[in-house]
Amino acid sequence: MVQEARRPNIVLFFADDLGYGDLGVQGHPTIRTPSIDSLAEDGVRLTSFYSAQSCVPARIRLMTGRYPVRTGIRGTSVGGRGGIPPEELTLAESLSEAGYRTGMVGKWHLGYAERRFLPTSQGFDSWFGLPYSNDMTRPWVQTDEPLWLYEDADRVGHPVDQARLTVRYTDRAVRFIEESGSQPFFLYVAYSMPHLPLHPAPGMRGRSAAGLYGDVVETIDASVGRILEVLRSLGAEDNTLVVFTSDNGPWQHPPERMLQDGVRPWHVGSTGLLRGAKATTYEGGYRVPFVARWPGAIPPGTVSDGIATTMDLFTTFVVTGGGSLPDHPVDGLDLLAHLRGETRSPRSEHFYFRGSEVVGVRQGAWKLHYPAQVREGPWKTGEVVELFELDSDPRESVNRAAGEPEAVERLRRRMVAFASEVGATLADPVL
């Protein structure tokens, strides 16, 4: 399987609710992830890579390269009848038009009630997976709608044996690679876990010192390892760009409904040094692990703290694959020269959303943040503007707004201008 150097195969691993600190290469003391760690050893690790506040916004950013408000998706759900608007050019559509074979396994979460919203109507030649999160079934969610496993546009399995889900995804990913022959391919592996509920594969339960959560992460690592081995055995390793990342931070302090079937309050992910978690706009909610490997193109063992986002994967993959970008504005930037170590990151800023509200911006090391007015629970905040210098204070522990009024005003003006540009609303903090 020999491809032109300018037309690599692309494999994207996208975990669900995996925290910034949940990999061995990210410093977790007990979760073992040798396969994912090897990608960092042989490639590049980005330490300021951003996804989104929760599942749907992260996936719409990836598939369109745009902030969700530009697409008309203004919250954390597409609703029961919604999906990617037809005027959007998806990542899979662009690569398919460029001659790629496109396949997806795993969680979609971008519309399912109508066939036109399913992956096979959005540019993917094949899909095997779940239409939404793995907790959307009893006893975790009180719903009478079955959690169906899909094959392309057809429902093929219910109930879903979640203990075998990751293994089945891996089997389908391997089959897709093996059947691609000499055609360049884009494979999107969107794991359904470690989103709760947790179901490690047979033989993996009890292997990790980090408990059930660690068992699931190590199951994912074993899946990554098997797929990497298939690439190696087929001679495709050197011409495949492989990326591993997550859709958002970990689901910490889960509600009581999730503490069933062996899940305990401590079976949750880690954000390492970072503050916050999934559904917050602190760094632990948005910043996620990122490693990429492309032998001969990306220098091994490199680390960068340059800002980059899930939206940038859209543009990077399309440009690298020889695809066409849409005519409308795209927020993603081409990261390839940065991943190759030739330039600094082309991105100088990143905006944080809560639903359709702009609540923060990072420029360089400075982050201006309008916290949600949460009065109870572990993420209780005040009603003040927050300014953090993230290089020296990644924990976001010291609010420096009072001593840096010029930085606050400069970043505030940028938030106002950006909200106007994309049609978003601006959070209204107490100054």
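The CD atom of Glu389 sits 13.0 Å away from atom CG of Asn399, with the distance rounded to the nearest 0.5 Å.
With sequence neighbours excluded, no residue forms a salt bridge (Lys or Arg N to Asp or Glu O under 4.0 Å) with Arg205. For Arg395, there are no salt bridge (Lys or Arg N to Asp or Glu O under 4.0 Å) partners, not counting sequence neighbours. Residues meeting the salt bridge (Lys or Arg N to Asp or Glu O under 4.0 Å) test with Glu41, sequence neighbours left out: none.
A salt bridge links Glu237 to Arg293: at least one charged side-chain nitrogen sits closer than 4.0 Å to a carboxylate oxygen.
No option in Tyr286, Phe418, Phe49 other than Tyr286 meets the ring pair (Phe, Tyr, Trp, His ring centres under 6.0 Å) test with His350.
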Let me check something: any side-chain donor-acceptor pairs from residues 241-250 under 3.5 Å, sequence neighbours excluded? List them with distances.
from	atom 1	to	atom 2	distance (Å)
Thr245	OG1	Pro289	O	2.7
Ser246	OG	Leu18	N	3.1
Ser246	OG	Leu18	O	3.0
Ser246	OG	Asn248	O	3.1
Asp247	OD1	Asp17	N	2.8
Asp247	OD2	Arg59	NH2	2.9
Asn248	OD1	Cys55	N	3.3
Asn248	ND2	Asp17	OD1	2.8

Less than 3.5 Å apart, which donor and acceptor atoms pair up between the side chains of residues 191-204 and the rest of the protein, not counting sequence neighbours?
from	atom 1	to	atom 2	distance (Å)
Tyr191	OH	Ser223	OG	2.6
Ser192	OG	Tyr169	OH	2.8
His195	ND1	Asn134	OD1	3.1

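Under 3.5 Å, the side chains of Ser397 and Asp393 contain a donor-acceptor pair of N or O atoms. For the residue pair Ser96 and Glu93, no side-chain donor N or O sits within less than 3.5 Å of a side-chain acceptor on the partner.
Because its NZ or CZ atom is not both nearer than 6.0 Å to the ring centre of Phe14 and within 45° of the ring axis, Lys107 does not count as a cation-pi partner of that residue. Taking the centre and axis of the six-membered ring of Tyr282, the NZ or CZ atom of Arg275 falls inside the cone set by 45° and 6.0 Å.
A donor-acceptor contact shorter than 3.5 Å links the side chain of Thr90 to the backbone of Gln122. Between the side chain of Arg101 and the backbone N or O of Phe186, no donor-acceptor pair lies under 3.5 Å.
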### Task
Start with the C-alpha gap between Glu349 and Arg362, add the side-chain angles, then the distance that decides, and say whether salt bridge (charged side-chain N to carboxylate O under 4.0 Å, His left out) holds.
CA-CA 5 Å; Glu349 63 182 9; Arg362 177 179 176 181; over 6 Å; no
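Pairs engaging residues 130-140 under the salt bridge (Lys or Arg N to Asp or Glu O under 4.0 Å) rule: Asp135-Arg257, Arg138-Asp144 [sequence neighbours left out].
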